[in-house]
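Reviewing the structure listed below.
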2 protein chains.
Amino acid sequence: MSAATPPLLAGSSHRKPAGSGTRLRLLTAAREVVEDGGYGAASVLAIADRAGVAAGTLYRHFASKEELFVELFRAACDRELDVMRASADGVPAGGSHVDRLETVLATFASRALARPRLTWALLAEPVDPLVDAERLAYRARYASLVADTLRRAIEAGELPNQDVELTAAALVGGCGEALVGPISPLSDAEPSPERVVAAIRTFVRGAVGDRR
Amino acid sequence: MSAATPPLLAGSSHRKPAGSGTRLRLLTAAREVVEDGGYGAASVLAIADRAGVAAGTLYRHFASKEELFVELFRAACDRELDVMRASADGVPAGGSHVDRLETVLATFASRALARPRLTWALLAEPVDPLVDAERLAYRARYASLVADTLRRAIEAGELPNQDVELTAAALVGGCGEALVGPISPLSDAEPSPERVVAAIRTFVRGAVGDRR
DNA sequence: TTAGCATGTGAATCCTGATTCACATGTGCG
DNA sequence: CGCACATGTGAATCAGGATTCACATGCTAA
């Protein structure tokens with residue numbers, strides 16, 4: 001009932017390829033499988049196969065399939081958050097806070113459009129409860145990042161006062177949904193990412209009450 | 001392999017309680033179970049129990065569990081759409097198209113807040129592929145309703161020109177997401193519906209570029 | 001060399017529900 | 001009455017996957 005936590009970076013033994021190659025391989029395989037088949041296609045067998053190991057091996061590294069997913073999920077979301085944050089910081093010079101806000105969400109959108117399946121999986125696809133809980137948590141974090149930026153803009157007098165939390169959630173959700181059309185497997189139109197992102201920028205500025 | 005389609009309104013035989021009471025009872029039971037336990041809790045057994053019949057009976061009326069869900073889903077969504085449409089028509093007199101737009105989404109929000117579980121199920125909860133497909137279709141319909149209203153407002157010169165489809169999707173998604181916080185089982189805060197709806201009205205007007 | 005540990009294997013096992021089916025029951029009609 | 005049809009029953013069966021486990025196979029250290 002203990003174990004479950006593999007070497008990680010070890011401290012006892014000597015050379016170890018670092019972080020157990022197989023563990024990482026499994027994580028990667030899982031991401032790949034999810035990316036092009038969704039969670040539905042991500043059976044233990046499928047993942048193990050892709051990673052080039054036997055099903056049982058997965059359980060040497062993760063207590064359960066769910067746990068693997070949770071880890072995968074966290075990694076993916078953290079990466080997204082980092083990139084979004086970074087993009088905001090990348091708006092230096094005379095950029096306004098509203099510019100930063102717009103940039104954060106445009107980044108979110110661009111990346112989503114670039115990896116539709118994964119985004120779908122992160123945002124909305126059916127999953128086990130454990131992962132779903134994680135999802136809620138991360139949505140909140142996305143919204144929180146947006147909320148911070150929004151708050152700053154308001155404090156700077158760039159925007160009218162408003163319910164920051166709610167607007168932030170609505171922005172994240174709005175962008176997400178606007179993306180779902182283009183993203184979803186059934187989408188027929190498939191408009192150019194540029195147009196979508198442009199429209200999203202407009203949407204964001206309007207939604208927060210920015211009068212250009 | 002045929003059958004599956006029960007009496008409905010009959011045409012052959014004589015008196016029949018109309019539409020088979022049991023069928024309806026099953027539909028209702030299913031909705032109830034979903035409303036307070038989500039799809040996860042809605043096993044064939046649970047539904048049948050609630051309806052006061054045996055599991056096998058369900059298959060006298062529906063080809064499969066999925067089919068029952070699809071029907072349930074359609075009924076629920078259609079009802080919502082009707083109410084939303086009606087609410088728009090309820091803005092008579094000198095009301096602007098933007099007023100109508102705002103009303104439609106406020107109605108959406110109010111109703112969602114009143115029946116959190118069901119809304120969650122309709123909007124985002126994990127389901128079988130068949131139902132999920134239905135969900136996409138209905139989301140599109142919601143967005144379409146919003147898009148129509150939005151388009152009219154633009155044509156009337158009340159709003160600046162914009163990507164109507166995308167904005168509509170973003171509005172629906174934004175409202176949905178803004179609602180998820182208050183709605184979700186984990187929500188701690190639980191702000192008053194009034195405040196949420198008010199914030200949503202503001203959000204909508206801004207998002208479409210309405211300068212009050 | 002050998003014990004010990006980490007890791008891998010994959011067939012067997014378990015679990016969770018959906019779905020089926022052989023058996024009532026009831027009602028109308030010839 | 002007795003057949004035919006609609007409907008209901010619920011135990012048995014199936015199916016799809018996750019999880020386990022008894023058995024390798026190294027590699028490291030004494």
Side-chain angles (χ1 to χ4, degrees), chain A residues 1-26 29-30 33-34 37-70 126-131, chain B residues 1-26 29-30 33-34 37-70 126-131:
Chain A
M1 299 306 156
S2 54
T5 317
L8 208 45
L9 279 180
S12 45
S13 52
H14 290 285
R15 61 232 56 181
K16 238 340 171 9
S20 170
T22 304
R23 185 184 167 81
L24 207 106
R25 201 123 42 74
L26 281 166
V33 173
V34 169
Y39 289 115
S43 66
V44 167
L45 209 25
I47 296 172
D49 276 359
R50 184 126 184 180
V53 301
T57 300
L58 190 150
Y59 293 85
R60 288 282 176 214
H61 298 276
F62 301 90
S64 71
K65 187 196 175 191
E66 270 197 326
E67 225 165 77
L68 183 165
F69 277 174
V70 168
V127 238
D128 309 89
L130 251 183
V131 181
Chain B
M1 299 305 157
S2 54
T5 317
L8 207 45
L9 280 180
S12 47
S13 51
H14 291 285
R15 57 233 58 176
K16 238 341 174 4
S20 169
T22 305
R23 184 185 168 80
L24 208 105
R25 201 122 41 75
L26 280 166
V33 174
V34 168
Y39 289 114
S43 66
V44 168
L45 209 25
I47 295 172
D49 275 359
R50 185 125 184 180
V53 300
T57 300
L58 190 150
Y59 291 87
R60 287 279 177 217
H61 298 277
F62 301 91
S64 70
K65 187 194 174 194
E66 269 196 327
E67 226 164 78
L68 184 165
F69 276 175
V70 167
V127 238
D128 309 271
L130 251 183
V131 182

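Throughout, a chain's letter reflects where its sequence line sits, starting with A, and its residues are numbered from 1. The analysis underlying the following values was restricted to heavy atoms, covering all of them including side chains, and did not include hydrogens, waters or symmetry mates.
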Separation of atom [atom1] in [X] from atom [atom2] in [N], rounded to whole Å:
| X | N | atom1 | atom2 | result |
| --- | --- | --- | --- | --- |
| A/Ile47 | D/dT19 | CD1 | C1' | 14 Å |
| B/Asp49 | D/dG8 | CG | C1' | 14 Å |
| B/Arg23 | D/dA6 | CZ | C1' | 15 Å |

Strictly below 4.0 Å: does A/His61 bring a side-chain N or O up to OP1 or OP2 of C/dA6?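 No, A/His61 has no side-chain N/O under 4.0 Å of OP1/OP2 on C/dA6.
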
For A/Tyr59 and A/Val44, which heavy atoms make the closest approach, and how far apart are they?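 Reported closest heavy-atom pair: OH-CG2, 3.8 Å.
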
Show the nearest heavy-atom pair for residues A/Ala46 and A/Ala41, with the distance to one decimal.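 In terms of heavy atoms, the two residues are closest at CB-O, 3.5 Å.
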
Protein proximity profile, nucleotides 12-22 of chain C - base contact B, sugar-phosphate-only contact S, no contact -, cut-off 4.0 Å on heavy atoms: ------SBB-B

Got a sec, which residues hit side chain to side chain donor-acceptor pair (under 3.5 Å) with B/Arg50, two or more places apart in sequence or on another chain?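 Partners of B/Arg50 by the side chain to side chain donor-acceptor pair (under 3.5 Å) criterion, ordered by chain and then number, come out as B/Glu32.
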
List in chain and number order the residues that pass side chain to side chain contact (heavy atoms under 4.5 Å, CB included) with B/Thr57, two or more places apart in sequence or in another chain; answer none if no residue qualifies.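 If we apply the side chain to side chain contact (heavy atoms under 4.5 Å, CB included) test to B/Thr57, skipping adjacent residues, the hits are B/Thr22, B/Val53, B/Ala54, B/His61.
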
Please list, chain by chain and in numerical order, all residues satisfying side chain to side chain contact (heavy atoms under 4.5 Å, CB included) with B/Ala42, sequence neighbours excluded.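 Residues passing side chain to side chain contact (heavy atoms under 4.5 Å, CB included) with B/Ala42: B/Val33, B/Val34, B/Ile47, B/Phe69.
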
Look up atom NZ in B/Lys65 and atom CG in B/Leu26, then write down how far apart they are to the nearest 0.5 Å.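 That separation rounds to 13.0 Å.
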
Between the opening five pairs and the closing five pairs of the helix from C/dT1-D/dA30 to C/dG30-D/dC1, how far apart are the helix axes, to 10°?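 End-to-end axis angle for the helix from C/dT1-D/dA30 to C/dG30-D/dC1: 20°, rounded to 10°.
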
Can you tell me which nucleotide in C/dG8, D/dG8, D/dG10 comes closest to the side chain of A/Thr57?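 Of all the options, the side chain of A/Thr57 is nearest to C/dG8.
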
